Amino acid sequence: MIRTVESQPAASAPVLAAYSYCEAVTGQQARNFAYGIRLLPTPKRRAMSALYAFSRRVDDIGDGALPDDVKVARLEDTRALLTRVRDGAVDEDDTDPVAVALAHAAAHFPIPLGGLDELIDGVQMDVRGETYETWDDLKVYCRCVAGAIGRLSLGVFGTAPGARGAERASEYADTLGLALQLTNILRDVREDAEGGRTYLPANDLAKFGCSGGFGAPTPPEGSDFAGLVHFEVRRARALFAEGYRLLPMLDRRSGACVAAMAGIYRRLLDRIEREPEAVLRGRVSLPGREKAYVAVRGLSGLDTRNVSRRTVRRRV
């Protein structure tokens, strides 16, 4: 069982500056994520921003235009920095604000930093240009780049005292990460194709006549693109349903944060399901007012209560 406290000793000026930098990065580059973490108390919000800023750095290396050998070298440099954080070798006056913030967060929350090693492993898979034959193959990648983030976040959130089934919280956090990542893959299918990447399992693409790829704003000729999207949407919904079992195990504000972030992606999934071909024309997104509604819904605890009722019915 993972538990955390809501307060921590006052941070020094250099640490506060480092956290401010990470929060600025999060606000500028992770609009969906930022909507969720603003619901957290300050110490948890700062820690989540530090996790995001480090993760963003890793992702940017993989997504950048550098030669592959340079990307590999920079990823290993980032792994070395993570080792310094893990070993407590980052001073408060270090010139890297992300390292300072992450080190402070790791000292005050039981964050499983090995999850960031997994993230680096996943981005290295991108650099190698790996493709995935089956869903089981793709799950390995998704667990590295998203499931690990769910488990890292749980280290910040903790579980509520006396939460039933809390020994499975890490499993549910991992599954919720997979649900979010599969939604991302569907949303970004055209953008990824333009970058030379294909994430959906080759078996699924062949089944629906989509092996030719998605380099155009229309589906491959003769394909059942809508069938493919609906098939993957059903898979994502099943993952969301399983991962949502985490919500009753969290305190109110942590549960609100998770419900808000997951709720935004579930609504994206609804839009993709209604109009599958939209993902070939551009990135599907939600307007700010709808994201705000999802955040308020999460804070109300409605999703948590719904999950709790379904869990009780299953036991009965």
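Basis for what follows: all heavy atoms, side chains included, without hydrogens, waters or symmetry-related copies. Because the structure is a prediction, the values reported are computed rather than measured.
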Rounded to the nearest 0.5 Å, how far does [atom2] of [Y] lie from [atom1] of [X]?
{"X": "D251", "Y": "T159", "atom1": "CG", "atom2": "OG1", "value": "9.5 Å"}
{"X": "M125", "Y": "I120", "atom1": "CE", "atom2": "CD1", "value": "14.5 Å"}
{"X": "F157", "Y": "I111", "atom1": "CZ", "atom2": "CD1", "value": "10.5 Å"}
{"X": "L138", "Y": "L178", "atom1": "CG", "atom2": "CG", "value": "8.0 Å"}
{"X": "F225", "Y": "C210", "atom1": "CZ", "atom2": "SG", "value": "6.5 Å"}
{"X": "Y19", "Y": "T42", "atom1": "OH", "atom2": "OG1", "value": "11.0 Å"}

Salt bridge (Lys or Arg N to Asp or Glu O under 4.0 Å) partner of E273, the single match among R234, R266, R237 =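 With E273 as partner, R234, R266, R237 yield a single salt bridge (Lys or Arg N to Asp or Glu O under 4.0 Å), made by R237.
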Taking the side chain as everything from C-beta on, heavy atoms only, tell me whether [X] gets closer than 4.5 Å to [Y].
{"X": "D59", "Y": "L119", "result": "yes"}
{"X": "L246", "Y": "L154", "result": "yes"}
{"X": "D117", "Y": "R86", "result": "yes"}
{"X": "L280", "Y": "P219", "result": "yes"}
{"X": "C22", "Y": "V98", "result": "yes"}
{"X": "R164", "Y": "P248", "result": "no"}
{"X": "V279", "Y": "E191", "result": "no"}
{"X": "L182", "Y": "C142", "result": "no"}

Carefully, step by step, assess M48 and S153 under the rule side chain to side chain contact (heavy atoms under 4.5 Å, CB included).
-> CA-CA 7 Å; M48 290 295 290; S153 300; 3.2 Å; yes
Cluster link [X] to [Y], ILVMFWY, side chain under 4.5 Å:
{"X": "V70", "Y": "I61", "result": "no"}
{"X": "L66", "Y": "V123", "result": "no"}
{"X": "L40", "Y": "L16", "result": "no"}

I'd like to check the salt bridge (Lys or Arg N to Asp or Glu O under 4.0 Å) partners of [X]; sequence neighbours left out, ordered by chain and number.
{"X": "D91", "answer": "none"}
{"X": "D60", "answer": "R56"}
{"X": "E290", "answer": "R267, R271"}

Would a distance-only check, ignoring hydrogens and angles, find a side-chain to backbone donor-acceptor pair under 3.5 Å from [X] to [Y]?
{"X": "K71", "Y": "V127", "value": "no"}
{"X": "D87", "Y": "A89", "value": "no"}
{"X": "Y52", "Y": "G27", "value": "no"}
{"X": "S254", "Y": "L250", "value": "no"}

I would like to know whether R74 and D69 meet salt bridge (Lys or Arg N to Asp or Glu O under 4.0 Å); could you show each step before the answer?
-> CA-CA 9 Å; R74 292 201 177 183; D69 59 337; over 6 Å; no
Pair Q124-E76, side chain to side chain contact (heavy atoms under 4.5 Å, CB included): steps then yes or no = CA-CA 10 Å; Q124 287 178 327; E76 288 308 320; 2.7 Å; yes
Grab the two heavy atoms, one from [X] and one from [Y], that are nearest each other, plus how far apart they are.
{"X": "P112", "Y": "L152", "result": "O-CD2, 3.0 Å"}
{"X": "V284", "Y": "A278", "result": "CG2-CB, 4.1 Å"}
{"X": "R253", "Y": "L39", "result": "NE-O, 3.1 Å"}
{"X": "L268", "Y": "S285", "result": "CD2-CA, 3.6 Å"}
{"X": "P14", "Y": "V100", "result": "O-CG1, 4.4 Å"}
{"X": "L205", "Y": "L200", "result": "CD1-O, 3.8 Å"}

By side-chain hydrogen bond (donor to acceptor under 3.5 Å, both in side chains), which residues pair with [X], not counting sequence neighbours?
{"X": "E130", "value": "R128"}
{"X": "E133", "value": "none"}
{"X": "D126", "value": "Y141, Y199"}
{"X": "R190", "value": "E194"}

Pair listing, side-chain hydrogen bond (donor to acceptor under 3.5 Å, both in side chains) test, anchored in residues 200-217, at least two apart =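 For residues 200-217, and leaving out neighbouring residues, the side-chain hydrogen bond (donor to acceptor under 3.5 Å, both in side chains) pairs sorted by first residue read D204-R235.
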Is there any side-chain hydrogen bond (donor to acceptor under 3.5 Å, both in side chains) pair reaching into residues 173-183, and which pairs are they, with sequence neighbours excluded?
->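 Non-adjacent pairs meeting side-chain hydrogen bond (donor to acceptor under 3.5 Å, both in side chains): R143-D174, R151-D174.
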Intermediate values then yes/no, side-chain hydrogen bond (donor to acceptor under 3.5 Å, both in side chains), E23 and Q28 = CA-CA 9 Å; E23 290 191 279; Q28 292 166 6; over 6 Å; no
Set of ring-ring contact (aromatic ring centres under 6.0 Å, His included) partners for Y21, sequence neighbours left out =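 Counting only residues at least two positions away or on another chain, Y21 forms no ring-ring contact (aromatic ring centres under 6.0 Å, His included).
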Partners meeting ring-ring contact (aromatic ring centres under 6.0 Å, His included) with Y172 (sequence neighbours left out) =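 By the ring-ring contact (aromatic ring centres under 6.0 Å, His included) rule, Y172 matches no residue at all.
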What do the steps show when you test Y265 against N184 for side chain to side chain contact (heavy atoms under 4.5 Å, CB included), and what is the final call?
-> CA-CA 8 Å; Y265 278 87; N184 268 338; 3.2 Å; yes
Run the numbers on L75 and V72 for side chain to side chain contact (heavy atoms under 4.5 Å, CB included), then give the verdict.
-> CA-CA 5 Å; L75 287 170; V72 169; 5.6 Å; no
Any ion pair linking R79 and D121 (charged N to carboxylate O, less than 4.0 Å)?
->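 Between R79 and D121 there is a salt bridge, with a charged N closer than 4.0 Å to a carboxylate O.
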Short N-O contact, K139 and D136, less than 4.0 angstrom =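 Yes, K139 and D136 are salt-bridged.
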Would you check, one step at a time, whether the test salt bridge (Lys or Arg N to Asp or Glu O under 4.0 Å) holds for D63 with R197?
-> CA-CA 11 Å; D63 292 338; R197 294 176 181 171; 2.9 Å; yes
Identify which one of T83, L116, V58 satisfies the side chain to side chain contact (heavy atoms under 4.5 Å, CB included) criterion when paired with T78.
->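 With T78 as partner, T83, L116, V58 yield a single side chain to side chain contact (heavy atoms under 4.5 Å, CB included), made by V58.
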Identify every side-chain donor-acceptor pair in residues 255-263 under 3.5 Å, counting partners at least two apart or on other chains, and give the distances.
none

